[in-house]
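Structure record follows, encoded as structure tokens.
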Amino acid sequence: MTISTRGDVKDITLAPRGKDRIEWAAKDMPVLRLIRERFAKDLPLKGVRMSGCLHITTETANLAITLKAGGADLVLCASNPLSTQDDVAAALVSEYGVPTFAIKGEDKETYYRHINAVLDHKPNMTMDDGCDLVSTIHTTRTELIPAIIGGMEETTTGVIRLRSMERDGVLKFPVLAVNESDTKHMFDNRYGTGQSAIDAILRATNILLAGRTIVVSGYGWCGRGLASRAHGMGANIIITEVDPTRALEALMDGYRVMPGIEAAALGDIFVTVTGNVNVIDRQHLERMKDGAIIANAGHFNDEINIPELEKLATTRRRVRDFVEEYTYADGRHIHLLAEGRLVNLSAAEGHPASVMDMSFANQALGSEYMLAQAQELQPRVYTLPAELDKEIARLKLRAIGVRIDTLTPEQDKYLNSWESGT
Ligand SMILES: NC(=O)c1ccc[n+]([C@@H]2O[C@H](COP(=O)([O-])OP(=O)(O)OC[C@H]3O[C@@H](n4cnc5c(N)ncnc54)[C@H](O)[C@@H]3O)[C@@H](O)[C@H]2O)c1
């Protein structure tokens with residue numbers, strides 16, 4: 001099948017609604033707005049061919065507008081088959097002139113056809129959320145490598161994949177791990193995933209969280225956010241972990257900590273946010289209560305062993321949008337949300353614009369930095385310089401009208417000297 005170079009979207013007539021929603025998100029993205037205004041004057045990305053594989057949301061559209069303002073020649077595809085907002089994809093194509101290849105619910109074949117369509121753009125720079133562009137380039141599109149200056153990576157799972165490529169000596173160009181900036185993971189992963197994953201569970205099921213037991217697997221940035229938000233709404237939290245320090249932190253934050261197999265029998269709702277595989281496996285699924293709800297907010301849909309769930313069930317049916325009910329032979333019902341894919345982006349709208357403002361400020365400034373440093377960088381995984389990270393925090397505080405103290409010369413001297421003490 002051939003697809004137009006302008007993109008492949010579900011329904012171009014959805015564009016006006018997408019534009020309204022993109023403008024709504026823009027109101028809560030003041031840092032990106034400041035960057036856009038400067039980019040429009042300085043054109044730091046002039047003529048750079050960029051291919052992005054990101055969740056196609058209102059916030060990503062604002063990043064795209066910013067990169068274009070900076071002079072980039074940009075095309076986009078989805079980084080997950082279920083996360084695309086079809087009205088936004090339509091608006092990107094028809095209102096903002098960004099060729100976009102993304103349809104909510106696309107099958108795996110279409111997903112990879114879209115990835116290859118954005119690679120046909122012959123990028124000088126890639127922008128990934130999960131490393132699918134970089135891994136496709138390194139496996140089946142190696143002819144593109146000589147023209148690539150570098151890439152940007154948005155999420156934890158993508159950074160893990162890239163570090164493993166670096167370790168194996170196969171990474172062929174530098175990549176900036178945007179996820180590692182404080183102004184990314186401390187806010188996007190924690191407050192963004194924390195709130196939007198709960199938003200999605202509520203939209204999909206409309207259940208009351210108060211009094212329910214929620215099992216959160218993984219107490220990293222996302223898991224901490226999810227646990228604290230759910231706790232705030234009255235849920236009892238159980239954490240499962242494999243890292244002793246994180247498990248201890250969860251315990252001292254006031255939650256119960258236990259092995260997954262024990263939690264399996266106690267939970268009403270289960271959410272995985274580990275970036276790992278089969279965290280909810282057959283033995284957990286076998287022990288769950290009638291009515292249990294399972295969701296995943298980690299990057300890939302392999303945190304829950306869905307093939308085993310299918311084997312355990314005698315029947316399955318869709319009972320609500322994004323809710324699949326599996327019935328076991330003994331009559332128990334288990335509910336899987338959003339096919340085990342990123343629940344917050346599938347059954348809700350993903351992170352609020354206010355946190356994506358900082359994540360995408362990192363992407364925009366990171367791409368400018370990558371270009372400026374092109375000669376210096378090796379084929380490795382880099383993080384953004386700490387000054388850029390702090391600058392984003394400073395701009396965000398200023399935009400929301402919060403002032404902080406500055407060091408006095410005396411304090412600065414004190415902190416930089418080893419001679420002062422008792
Ligand atoms: N839904 C979203 O919008 C969104 C946003 C950001 C990140 N993510 C994804 O969420 C996942 C987690 O990201 P993070 O930044 O919190 O990572 P993180 O590394 O900070 O935390 C992951 C935690 O999971 C734990 N873990 C690993 N295997 C486990 C297992 N078998 N059982 C229990 N715990 C286990 C690790 O010890 C770690 O503490 C990644 O896949 C990331 O890409 C999703």
Side-chain angles (χ1 to χ4, degrees), residues 53-57 59-60 78-80 82-83 128-132 153-163 177-201 215-229 238-251 253 255 257-264 267 270-281 283-284 295-305 337-338 340-353 355-356 358-360 362:
C53 177
L54 300 168
H55 300 298
I56 305 300
T57 64
E59 295 79 18
T60 301
S79 58
N80 185 290
L82 265 189
S83 64
D128 253 322
D129 185 323
C131 192
D132 281 347
E153 173 54 55
E154 171 80 5
T155 196
T156 315
T157 284
V159 176
I160 290 170
R161 294 176 82 189
L162 286 163
R163 292 222 162 104
V178 167
N179 184 71
E180 307 306 90
S181 294
D182 284 345
T183 49
K184 201 283 184 179
H185 59 251
M186 280 175 69
F187 304 93
D188 168 318
N189 301 29
R190 180 161 49 177
Y191 302 110
T193 310
Q195 178 172 310
S196 62
I198 288 176
D199 179 19
I201 293 166
V215 179
V216 177
S217 291
Y219 202 63
W221 289 108
C222 296
R224 291 178 183 113
L226 189 58
S228 79
R229 268 56 209 150
I238 296 175
I239 302 294
T240 75
E241 250 299 344
V242 290
D243 180 314
T245 320
R246 296 249 166 119
L248 210 49
E249 183 186 359
L251 194 70
D253 283 344
Y255 307 127
V257 177
M258 63 183 76
I261 196 70
E262 288 171 30
F270 296 81
V271 191
T272 51
V273 261
T274 66
N276 207 343
V277 66
N278 293 339
V279 174
I280 294 186
D281 214 338
Q283 67 270 25
H284 307 107
N296 167 49
H299 188 76
F300 284 120
N301 65 335
D302 53 10
E303 301 210 13
I304 301 163
N305 193 336
L337 305 193
R341 296 194 185 277
L342 285 162
V343 71
N344 58 324
L345 280 142
S346 306
E349 294 171 67
H351 296 169
V355 286
M356 294 316 292
M358 290 185 281
S359 306
F360 287 162
N362 275 281

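Counting begins at 1 with the first residue of the sequence. A quick note: this is a predicted structure, and the numbers were derived from the prediction, not measured. In each ligand, atom 1 is the first atom listed, and ligand 1 is the first ligand listed.
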Where does the angle between the aromatic ring planes of Tyr219 and Tyr255 fall among parallel (under 30°), tilted (30 to 60°) and perpendicular (over 60°)? perpendicular

Just by distance, no angles: are the side chains of Thr157 and His299 close enough, under 3.5 Å, to form a donor-acceptor pair? no

Do Val216 and Val273 have side-chain heavy atoms sitting under 4.5 Å apart? yes

Which N/O atoms of ligand 1 sit under 3.5 Å from a protein N/O, and at what distances?
| residue | atom | partner | partner atom | Å |
| --- | --- | --- | --- | --- |
| ligand 1 | 1 (N) | Ala297 | O | 2.8 |
| ligand 1 | 1 (N) | Asn344 | OD1 | 2.9 |
| ligand 1 | 1 (N) | Asn344 | ND2 | 3.3 |
| ligand 1 | 3 (O) | Asn344 | ND2 | 2.8 |
| ligand 1 | 3 (O) | His351 | NE2 | 3.1 |
| ligand 1 | 13 (O) | Thr156 | OG1 | 3.4 |
| ligand 1 | 15 (O) | Thr156 | OG1 | 2.7 |
| ligand 1 | 15 (O) | Asn189 | ND2 | 2.9 |
| ligand 1 | 16 (O) | Trp221 | N | 3.2 |
| ligand 1 | 16 (O) | Cys222 | N | 2.9 |
| ligand 1 | 20 (O) | Trp221 | N | 3.2 |
| ligand 1 | 20 (O) | Arg246 | NH1 | 3.3 |
| ligand 1 | 21 (O) | Arg246 | NH1 | 3.4 |
| ligand 1 | 28 (N) | Asn276 | ND2 | 3.1 |
| ligand 1 | 37 (O) | Glu241 | OE1 | 2.8 |
| ligand 1 | 39 (O) | Glu241 | OE2 | 2.5 |
| ligand 1 | 39 (O) | Arg246 | NH1 | 2.8 |
| ligand 1 | 41 (O) | Thr157 | OG1 | 2.5 |
| ligand 1 | 41 (O) | His299 | N | 3.0 |
| ligand 1 | 43 (O) | Thr155 | OG1 | 2.7 |
| ligand 1 | 43 (O) | Thr157 | N | 3.1 |
| ligand 1 | 43 (O) | Thr157 | OG1 | 3.3 |

Can you find a side-chain donor-acceptor pair between Ser217 and Thr240 that sits under 3.5 Å? yes

Do NZ/NE/NH1/NH2 and the carboxylate oxygens of Glu153 and Arg161 come within less than 4.0 Å? no

Side chains of Asn189 and Asn179: any donor to acceptor distance under 3.5 Å? yes

